[in-house]
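Report on the following structure.
Just the heavy atoms: all of them, side chains too, but no hydrogens, waters or symmetry mates, feed the values below.
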Amino acid sequence: MEQTNILKNIASFTSSHGIIFLMALGMLILLCTLCVLLGRQFGRIEMSRNIKKERQDAVKRSKAVVAGQVYEQIAPLLPDFPCNTKDIQFIGKPIDYIGFCTNDKTGLVDEILFIEIKSGESNLSVREQSVKEVIQKRKVRYVEYRI
């Protein structure tokens with residue numbers, strides 16, 4: 001008898017606490033699901049903000065590139081350009097122009113200029129910097145190639 005009473009007490013305790021356990025487990029699952037859904041929503045909002053910023057940055061950079069290309073084309077027409085426009089040849093990469101500055105009296109080339117056009121705060125690329133250094137070190141040659 002005593003064993004039966006103990007078993008009944010255990011069954012009663014387990015069933016009453018089992019319901020509490022199941023309710024707590026259900027609340028925990030609900031809370032976790034809510035946290036996941038909120039996290040996803042905040043992630044989407046953050047991603048949307050990042051995409052907007054990146055698009056604005058891309059547009060800004062694109063405008064700067066286009067403006068730089070325009071400046072490269074009109075620079076020879078501006079005052080104080082280092083060479084007469086009739087004496088320059090557009091190259092584009094890795095330098096913008098080569099100027100074959102001629103003497104007005106003789107018509108002969110007095111000086112050859114390597115001209116790179118920059119606007120705003122833009123800097124020389126690594127390749128442009130290397131061209132500048134080679135020229136400054138006077139590692140420039142004239143090659144006549146015959147076929």
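- With hydrophobic clusters built from ILVMFWY side chains whose heavy atoms lie under 4.5 angstrom apart, L30 does not share a cluster with L34.
- Connection of F100 to V140 is established within a shared hydrophobic cluster, with ILVMFWY side chains joined at heavy-atom distances below 4.5 Å, either directly or through further cluster members.
- Going from atom CD1 of I95 over to atom CD of E128 covers 9.5 Å, rounded to the nearest 0.5 Å.
- Interatomic distance, CD of Q89 versus CD1 of I91, reported as 5.5 Å (0.5 Å rounding).
- Note on V70 and L77: separate hydrophobic clusters, where clusters join Ile, Leu, Val, Met, Phe, Trp and Tyr whose side-chain heavy atoms are under 4.5 Å apart, directly or indirectly.
- Residues K63 and V59 meet the side-chain proximity criterion, which asks for heavy atoms closer than 4.5 Å.
- For L124 against K118, the heavy-atom pair with the smallest separation is CD2-CE, 3.8 Å.
- Minimum interatomic distance between E72 and P76 (heavy atoms only, all atoms of both residues): O-CD, 3.6 Å.
- Take F90 and apply the ring-ring contact (aromatic ring centres under 6.0 Å, His included) test, not counting sequence neighbours, and it matches Y97.
- The local environment of NZ in K60 is sparse, with at most 12 non-hydrogen atoms from other residues, nucleotides or ligands closer than 6.0 Å.
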Before giving the answer on salt bridge (charged side-chain N to carboxylate O under 4.0 Å, His left out), spell out for R146 and E144 the whole-Å C-alpha distance, their side-chain angles and the decisive distance to 0.1 Å. CA-CA 6 Å; R146 292 182 180 252; E144 183 176 329; 2.7 Å; yes
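- Scored by the ring-ring contact (aromatic ring centres under 6.0 Å, His included) test, F114 finds no partners at all (sequence neighbours excluded).
- Closest of all the heavy-atom pairs between P82 and C101 is O-SG, 4.2 Å.
- Side-chain atoms of D57 and R55, non-hydrogen and from C-beta on, never get closer than 4.5 Å to each other.
- More than 12 heavy atoms of other residues, nucleotides or ligands shown are found within 6.0 angstrom of CG on N50.
- Note that the OG atom of S125 and the CD atom of E116 stand 7.0 Å from one another [nearest 0.5 Å].
- If you take CG on L78 and OH on Y71, they are separated by 10.0 Å, rounding to the nearest 0.5 Å.
- Results of the side chain to side chain contact (heavy atoms under 4.5 Å, CB included) test with C83 over T102, I98, I88 single out I88 as the only residue that passes.
- Between the side chain of T33 and the main chain of I29, a donor-acceptor pair closer than 3.5 Å is present.
- Here R49 pairs with I45, E46 under the side-chain contact (heavy atoms from CB on, under 4.5 Å) rule; sequence neighbours left out.
- Of all the heavy atoms in P94 and V131, the pair that sits closest is CG-CG2, 3.8 Å.
- Distance check: Q69 CD to I117 CD1 gives 13.0 Å after rounding to the nearest 0.5 Å.
- Here the CD-CD distance, from Q136 to Q129, works out to 7.5 Å after rounding to the nearest 0.5 Å.
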